[in-house]
Amino acid sequence: MSRLAQTHGLTEVQREILATVRDFVDKEIIPVATELEHRDEYPQRIVDGLKDLGLFGLMIPEEYGGLGESLLTYALCVEEIARGWMSVSGIINTHFIVAYMLKQHGTQEQKEYFLPRMALGEVRGAFSMSEPGLGSDVAAITSKAVRDGDEYVLNGQKMWLTNGGTSTLVAVLVRSDEGHSAEGAGAAPHKSMTTFLVEKEPGFGEVRPGLTIPGKIDKMGYKGVDTTELIMDGLRIPANRVLGGVTGRGFYQMMDGVEVGRVNVAARGCGVAQRAFELGVAYAQQRHTFGKPIAQHQAIQFKLAEMATKVEAAHAMMVNAARKKDSGERNDLEAGMAKYLASEYCKEVVEDAFRIHGGYGFSKEYEIERLYREAPMLLIGEGTAEIQKMIIGRRLLEEYRFQG
């Protein structure tokens with residue numbers, strides 16, 4: 001067991017779960033991750049193993065067939081999985097966010113219908129906010145839902161949908177002005193947004209009438225997991241598939257999901273940074289220059305010291321953010337800080353490990369090359385660093401309001 005990134009105060013059950021996941025990562029993910037990533041191949045065998053471990057239902061309440069574990073337990077599991085291959089943690093993350101949104105905001109009928117099958121991994125979740133013409137500006141969403149009797153008709157194009165092809169349930173945020181026009185032209189745009197629960201077949205092309213998943217987006221890193229567009233053209237959705245049963249609440253529901261998703265991204269950053277440190281410290285003891293291992297050169301020792309400190313600091317902030325949410329308190333400040341720090345430190349630790357490898361770090365034969373391409377995704381996933389700093393700054397001004 002590594003000296004770094006230890007979490008104190010865990011229960012025996014939590015320790016057993018984490019030990020099981022770490023063993024799975026070491027035996028089933030790390031040995032095949034780089035090969036699968038280079039082929040951009042979906043890791044079906046790994047996903048089947050995660051289903052057998054019950055990880056798709058880790059935070060789903062026991063009454064719906066899940067394990068009923070905390071956000072902290074989930075985040076620590078994600079940290080371990082990302083240490084093996086970050087793409088696998090992405091497959092879990094989008095599913096987890098949709099399950100969390102259903103648990104927190106769904107109607108009783110929606111919970112009973114979806115959550116038991118999500119806990120088994122039979123229904124696989126994805127969520128969709130972004131569009132081709134917007135990134136972090138969620139208020140600028142143009143996709144629209146119009147009421148037609150007992151159904152809504154959805155039109156628009158969504159972008160950057162993780163698990164777009166493999167998922168069977170997508171939580172889609174669109175604009176729906178029904179019942180909200182009375183608030184006037186000056187009303188906040190986010191008050192006219194609604195989340196729809198869209199069921200579909202897995203795969204690409206027209207996956208249900210009016211809904212098309214064109215194909216995988218070719219990415220620099222974060223391969224294996226399918227990232228897609230989503231095109232709605234006259235997509236008809238029953239009114240009982242409005243999340244929570246009431247329109248106009250979609251923005252708040254999505255932001256709640258993204259808030260816990262930011263803890264997840266922080267955990268992914270911690271996991272990738274841990275793996276980069278492991279690779280760097282191991283290589284530094286194997287590679288010799290000027291008659292001794294490079295680990296004995298002071299410049300490399302300084303680099304290793306900085307890397308380890310960043311790993312430890314990011315882990316501590318991630319754990320704090322998860323525990324804050326588990327306590328029932330507002331954690332947007334802590335989640336923003338954790339996501340910001342962990343993603344930035346991950347990039348730096350990976351680059352330092354890359355530098356330690358020298359020319360070999362540029363070779364696809366070495367695992368650090370894959371990590372070097374994966375780390376940048378964390379800088380933009382679940383909100384860029386700039387968005388995190390806006391959130392942090394606003395919350396600090398709330399907490400430290402000047403009393404003049």
Side-chain angles (χ1 to χ4, degrees), residues 64 94-95 97-118 122-134 138-159 161 163-183 187-214 228-257:
Y64 299 111
T94 53
H95 177 87
I97 289 178
V98 177
Y100 174 83
M101 290 168 61
L102 274 162
K103 182 184 74 169
Q104 295 296 109
H105 306 288
T107 65
Q108 190 59 38
E109 183 271 334
Q110 290 168 351
K111 294 177 185 178
E112 293 174 355
Y113 181 76
F114 288 112
L115 289 180
R117 291 181 297 147
M118 293 187 80
E122 295 174 357
V123 169
R124 300 272 300 286
F127 75 102
S128 180
M129 291 191 298
S130 187
E131 296 183 359
L134 62 96
V138 180
I141 281 176
T142 60
S143 298
K144 194 171 180 67
V146 177
R147 184 87 185 222
D148 183 17
D150 292 333
E151 295 180 317
Y152 287 85
V153 181
L154 278 59
N155 289 282
Q157 184 177 2
K158 310 298 282 186
M159 193 70 177
L161 177 61
N163 290 332
T166 49
S167 60
T168 55
L169 173 65
V170 185
V172 182
L173 184 65
V174 300
R175 189 170 299 283
S176 63
D177 294 329
E178 178 203 35
H180 308 289
S181 58
E183 297 183 24
H190 56 264
K191 292 186 178 180
S192 62
M193 293 185 185
T194 299
T195 301
F196 286 87
L197 301 169
V198 179
E199 298 173 84
K200 70 176 188 66
E201 292 297 318
F204 301 99
E206 189 173 46
V207 291
R208 67 175 284 175
L211 180 65
T212 299
I213 305 294
T228 73
E229 298 176 67
L230 180 147
I231 300 172
M232 301 172 289
D233 184 10
L235 173 63
R236 305 187 76 88
I237 300 295
N240 66 359
R241 288 299 173 258
V242 171
L243 180 61
V246 180
T247 60
R249 297 179 180 174
F251 178 84
Y252 304 102
Q253 294 164 345
M254 280 282 182
M255 290 304 103
D256 189 25

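Only heavy atoms go into these numbers, but all of them, side chains included; no hydrogens, no water, no symmetry mates.
No side-chain heavy atom of P209 sits under 4.5 Å from any side-chain heavy atom of R236. The side-chain heavy atoms of T247 and Y152, taken from C-beta on, include a pair separated by under 4.5 Å. By the 4.5 Å heavy-atom criterion applied to side chains, E131 and I141 are counted as neighbours. Counting only heavy atoms from C-beta outward, the side chains of K158 and V170 never approach each other to under 4.5 Å.
When atom types are taken as modelled, the side chain of T94 and the backbone of F127 share no donor-acceptor pair closer than 3.5 angstrom. Side-chain N or O atoms of E122 include none that pairs as donor or acceptor with a backbone N or O of P116 at under 3.5 Å.
Annotation for Q104: atom CD counts as buried by contact number, over 12 foreign heavy atoms lying within 6.0 Å. Enclosure of atom CG in N240 by more than 12 non-hydrogen atoms of other residues, nucleotides or ligands within 6.0 angstrom is indicated.
With rounding to the nearest 0.5 Å, the separation of CG in L197 from CG in L243 is 5.0 Å. To the nearest 0.5 Å, atom OG of residue S167 and atom CD of residue E201 are 11.0 Å apart. How far CE of M101 is from OH of Y252: 14.5 Å, rounded to the nearest 0.5 Å. To the nearest 0.5 Å, the span separating NZ on K103 from CG on L115 amounts to 9.0 Å. Interatomic distance, CD1 of I231 versus OG of S143, reported as 10.5 Å (0.5 Å rounding).
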- Give the C-alpha distance, both sets of side-chain angles, the deciding distance and a yes or no for side-chain contact (heavy atoms from CB on, under 4.5 Å) between V242 and F196. CA-CA 5 Å; V242 171; F196 286 87; 3.5 Å; yes
- Item | Test side-chain contact (heavy atoms from CB on, under 4.5 Å) applied to I237 and R208, step by step | CA-CA 11 Å; I237 300 295; R208 67 175 284 175; 3.7 Å; yes
- Message: Under the criterion side-chain contact (heavy atoms from CB on, under 4.5 Å), I'd like the reasoning laid out for K144 against N155: C-alpha separation, chi angles, the key distance, then a yes or no.
- Response: CA-CA 6 Å; K144 194 171 180 67; N155 289 282; 5.8 Å; no
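A pairwise comparison of heavy atoms in R147 and A239 identifies NH2-CB, 3.9 Å as the closest pair. Considering every non-hydrogen atom in both T194 and G248, the closest pair reads OG1-N, 2.9 Å. For the pair L154 and A145, the tightest heavy-atom approach, listed with the atom from each and the gap, is CD1-CB, 3.7 Å. Here the closest heavy-atom approach between residue Y100 and residue G257 is recorded as CD2-CA, 4.2 Å. Pairing each heavy atom of V98 with each of A171, the nearest pair is CG2-CB, 4.3 Å. Of all heavy-atom pairs spanning T168 and P202, the tightest one is CG2-CD, 3.8 Å.
Classification of E206 and K200 as a salt-bridged pair fails, no side-chain N sitting under 4.0 Å from a carboxylate O.
With respect to T195, the side-chain contact (heavy atoms from CB on, under 4.5 Å) criterion is satisfied by exactly one of M129, Q253, R249: Q253. For the side-chain contact (heavy atoms from CB on, under 4.5 Å) test with L235, the passing option among V198, T212, V172, L230 is V198; the others fail.
Cation-pi geometry between R241 and Y113 is satisfied (NZ or CZ under 6.0 Å from the ring centre, within 45° of the ring normal).
Looking at residues two or more places apart in sequence or on another chain, you find no side chain to side chain donor-acceptor pair (under 3.5 Å) involving R117.
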